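A quick write-up on the structure given underneath.
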There are 4 protein chains.
Amino acid sequence: MNRNRPKFKQILDAAVVVIAEHGYHSSQVSKIAKQAGVADGTIYLYFKNKEDILISLFQEKMGQFIERIQEDIQKEETASEKLFFLIQRHITFLSEDQHLAAVTQLELRQTNRDIRNQINEVLKGYLQIIDEILESGIESGEFQEELDARLARQMIFGTIDEVVTTWVMNEYKYDITELIPKVHKLLLHGCKR
Amino acid sequence: MNRNRPKFKQILDAAVVVIAEHGYHSSQVSKIAKQAGVADGTIYLYFKNKEDILISLFQEKMGQFIERIQEDIQKEETASEKLFFLIQRHITFLSEDQHLAAVTQLELRQTNRDIRNQINEVLKGYLQIIDEILESGIESGEFQEELDARLARQMIFGTIDEVVTTWVMNEYKYDITELIPKVHKLLLHGCKR
Amino acid sequence: MNRNRPKFKQILDAAVVVIAEHGYHSSQVSKIAKQAGVADGTIYLYFKNKEDILISLFQEKMGQFIERIQEDIQKEETASEKLFFLIQRHITFLSEDQHLAAVTQLELRQTNRDIRNQINEVLKGYLQIIDEILESGIESGEFQEELDARLARQMIFGTIDEVVTTWVMNEYKYDITELIPKVHKLLLHGCKR
Amino acid sequence: MNRNRPKFKQILDAAVVVIAEHGYHSSQVSKIAKQAGVADGTIYLYFKNKEDILISLFQEKMGQFIERIQEDIQKEETASEKLFFLIQRHITFLSEDQHLAAVTQLELRQTNRDIRNQINEVLKGYLQIIDEILESGIESGEFQEELDARLARQMIFGTIDEVVTTWVMNEYKYDITELIPKVHKLLLHGCKR
DNA sequence: CATGAATGAGTATTCATTCAT
DNA sequence: AATGAATGAATACTCATTCAT
């Protein structure tokens with residue numbers, strides 16, 4: 001089950017395409033295998049079961065995305081800039097891969113609680129970044145002192161998530177990256193003094 | 001398929017309990033029928049198919065909830081008060097029926113796009129209420145003139161939804177109604193001048 | 001279960017129409033009831049079960065047809081005339097009611113062995129008429145002395161049945177009554193000296 | 001869906017046995033699978049659905065039977081001999097496999113029109129053979145010049161079919177092969193000058 | 001006699017997973 | 001490592017029949 005062998009990524013990429021195209025419930029293992037160019041049984045050399053494909057998919061795609069943000073966000077100075085950076089990266093990342101966006105915003109949610117719990121584990125890293133932005137903002141005086149960090153975090157994540165989901169459900173018919181400064185302004189206004 | 005006969009509501013109530021308890025994918029029609037105290041076949045005298053139970057469930061429970069808000073919110077004067085009223089009703093409504101909360105926040109989303117689209121139709125009424133609050137606030141000068149109504153709406157809905165979902169995923173272990181004033185303050189701050 | 005009450009015939013007529021139109025397997029009791037203008041439950045005041053509708057249908061429609069032939073055929077003198085009379089009546093009767101023809105030739109055969117056995121009981125009367133024609137023909141010297149009555153009977157019935165079935169399967173697109181003299185000539189030729 | 005793999009024939013043979021024994025409507029897929037010694041799901045690797053089993057059954061069993069007749073009948077010289085050959089082969093073939101006879105004469109007819117139409121496609125080859133016999137007989141002067149080929153074909157097929165069906169419905173209680181010369185004589189008499 | 005709401009037994013089909021090759 | 005044929009559990013839905021009114 002080595003994650004570094006080429007077929008591991010090959011299967012995950014196939015899964016994104018198939019699920020985005022046919023929806024989660026019509027994405028049989030055999031369909032993913034065919035798209036990946038491997039035999040059905042080969043899937044099980046790399047993944048414990050079908051759910052594991054989904055979880056690995058999220059871990060792999062979002063995990064590295066989160067890691068890179070964590071590194072790069074250090075370079076931003078003010079909390080406002082950090083918030084802008086987060087929103088920009090998040091929206092830009094998904095705008096560049098509409099298949100992945102459809103999978104994360106719509107299809108991945110059609111799963112049972114177990115999978116969603118594991119997905120939330122991955123998301124924790126992302127939520128921590130938000131928390132760090134909020135802390136730094138409160139500390140520096142940019143944000144309201146009495147800001148409830150947990151609520152503010154839910155507002156930030158909930159808003160960005162809703163913005164992306166709406167874009168996907170509207171079938172990408174407008175340029176979501178144009179919304180980045182507006183979302184930033186809106187959320188910043190909600191946090192700052 | 002008369003929605004006024006007692007068994008219609010009886011089956012919907014049973015569906016809420018069963019789905020909340022076992023999750024959507026483990027909620028067989030026969031399980032719902034048993035919980036409702038009717039025969040399996042009786043379900044199909046009131047619902048076209050299993051999906052129709054879910055859609056009707058949302059239409060019935062959320063539909064009347066939205067209608068009542070639409071009426072009562074007129075009594076509130078300022079946009080700030082209207083916003084508070086909306087948040088309070090939304091959170092209170094779901095805090096009073098944890099089964100229903102689990103269904104709307106988690107289980108109902110484990111469905112295919114067709115169902116989601118029908119659910120979104122019901123939600124449109126709710127989003128309109130938010131839009132009206134925003135308009136009245138902008139008009140009265142309470143809110144920023146340059147506020148992007150669509151984005152602000154997504155922020156408000158996205159935040160409340162995320163707050164409730166987080167509460168459900170944490171298994172109701174804190175009193176969510178205590179968050180009402182905080183959520184109000186946060187969102188108001190994001191909108192006002 | 002009185003066969004003389006008007007609803008008895010009303011239901012049978014409805015059954016012929018519904019079965020001819022939708023085929024046997026799509027002819028639910030409720031559909032027949034609706035066509036007959038009675039409640040589903042009313043069917044069971046006149047018929048033991050669904051199979052009984054079919055059997056009664058055949059008994060009623062074919063039974064009286066056979067009886068009338070039995071009476072009228074006496075008037076014919078020679079075996080050849082009798083045979084002509086039989087063929088003419090059989091083909092004319094079904095050509096006048098295409099719905100009934102579709103039911104007897106196609107739909108009624110899509111049933112299980114029990115029903116077919118009961119149908120065969122009704123047919124025995126018909127086969128007896130054939131036997132009587134054959135006997136009189138052999139006796140009078142019109143037909144071959146060594147004719148195997150059972151086989152000849154199967155030939156006569158099998159041929160007429162096949163002729164009518166072919167006509168129904170070709171959707172009545174030619175005038176079957178024109179075939180009467182030809183069929184008579186063919187079968188007569190097979191039997192006579 | 002390869003018709004040459006051994007399980008294909010294995011399943012068809014099992015289907016003949018099960019359907020002959022229990023009747024078409026009591027022959028569940030699982031029953032056929034069990035008889036064939038395969039899992040239920042395996043059926044669907046070889047057949048599109050349950051109906052496809054029936055259609056394939058007829059195509060396979062009757063198709064090759066018809067093909068062989070087509071080849072061998074060339075060796076017969078006179079139309080009378082060809083007719084004898086056809087009757088002999090037809091009756092002998094079904095007399096040797098009573099299960100198959102029950103299926104073709106009784107059970108296969110308990111199906112809907114779609115299946116019947118597909119079965120008729122297979123039968124067309126058989127009817128062509130009859131037509132060729134009739135043509136050669138008319139040409140050689142053995143048969144009546146004015147013979148209506150379509151009617152004569154219906155007589156020949158209808159008679160043989162009725163003879164076999166009667167034998168099956170009488171539960172094989174007499175030796176049907178003894179009827180071969182009699183049927184031949186009867187039908188020949190009907191056709192010849 | 002007549003109704004029609006309620007019943008509940010019965011079954012074809014899918015598809016994740018395995019394992020002999 | 002890779003294959004893909006074989007497995008078999010699991011379930012929504014229909015419709016003939018009943019029976020309280």
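Computed from a predicted model, the values in this text were never measured in an experiment. Residue numbers start from 1 in every chain, and the chains themselves are labelled A, B, ... in the order their sequence lines are given, proteins ahead of strands.
Across the interface with DNA chain F, nearest-nucleotide mapping of B/Ser30 and C/Val29 shows B/Ser30 to be the residue nearer the 5′ end. Nearest-nucleotide positions on DNA chain F place D/Gly41 closer to the 5' end than the other of B/Asn49 and D/Gly41.
Rounded to a whole Å, the CZ atom of C/Phe47 is 13 Å from the P atom of E/dA2. Here the C1' atom of nucleotide E/dT14 and the NZ atom of D/Lys50 are 17 Å apart, to the nearest Å. A/Ile43 has its CD1 atom 10 Å from the P atom of F/dT3, to the nearest Å. Atom pair A/Ile11:CD1 and F/dT3:C1' shows a separation of 13 Å (rounding to whole Å applied). A straight line from NZ of D/Lys31 to C1' of E/dG10 spans 12 Å, rounded to a whole angstrom. In this structure, the CG atom of B/Asp52 is 15 Å from the P atom of F/dA12, given to the nearest Å. Here the C1' atom of nucleotide E/dG10 and the NE2 atom of D/His25 are 14 Å apart, to the nearest Å. As a whole-Å value, the separation of A/Asp40 CG from E/dT14 P is 16 Å.
Both the sub-6.0 Å distance and the 45° axial angle are satisfied by B/Lys50 relative to the ring of B/Tyr24.
In this structure, A/Asn120 contributes its side chain and A/Leu123 its backbone to no donor-acceptor pair below 3.5 Å.
Taking the six-membered ring where the residue is Trp, A/Phe47 and A/Phe8 present parallel rings, their angle staying beneath 30° rather than reaching 60°.
OP1 or OP2 of E/dT3 has not a single side-chain nitrogen or oxygen of C/Tyr44 nearer than 4.0 Å. D/Tyr46 has no side-chain polar atom (N or O) that falls below the 4.0 Å cut-off from OP1 or OP2 of F/dA5. The side chain of A/Lys7 places an N or O atom within less than 4.0 Å of a non-bridging phosphate oxygen (OP1 or OP2) of F/dA2.
Candidate nucleotides E/dT7, F/dA12, E/dT3 were compared by shortest atom distance to the side chain of B/Val38, and E/dT7 ranks first. Residue B/Gln28 has its side chain nearest to F/dA12 when only F/dA1, F/dA12, F/dG8 are considered. Of the candidates F/dA1, F/dT7, E/dT3, the closest approach to any side-chain atom of D/Ala39 belongs to F/dT7.
In this structure, F/dT21 forms a base pair with E/dA2, meeting either the Watson-Crick or the G-U wobble geometry with both donor-acceptor distances under 3.5 Å.
If you check the side chains of A/Gln64 and A/Glu67, you find no donor sitting under 3.5 Å from an acceptor.
Under a 4.0 Å N-O distance rule, the pair A/Asp13/A/Lys7 does not qualify as a salt bridge.
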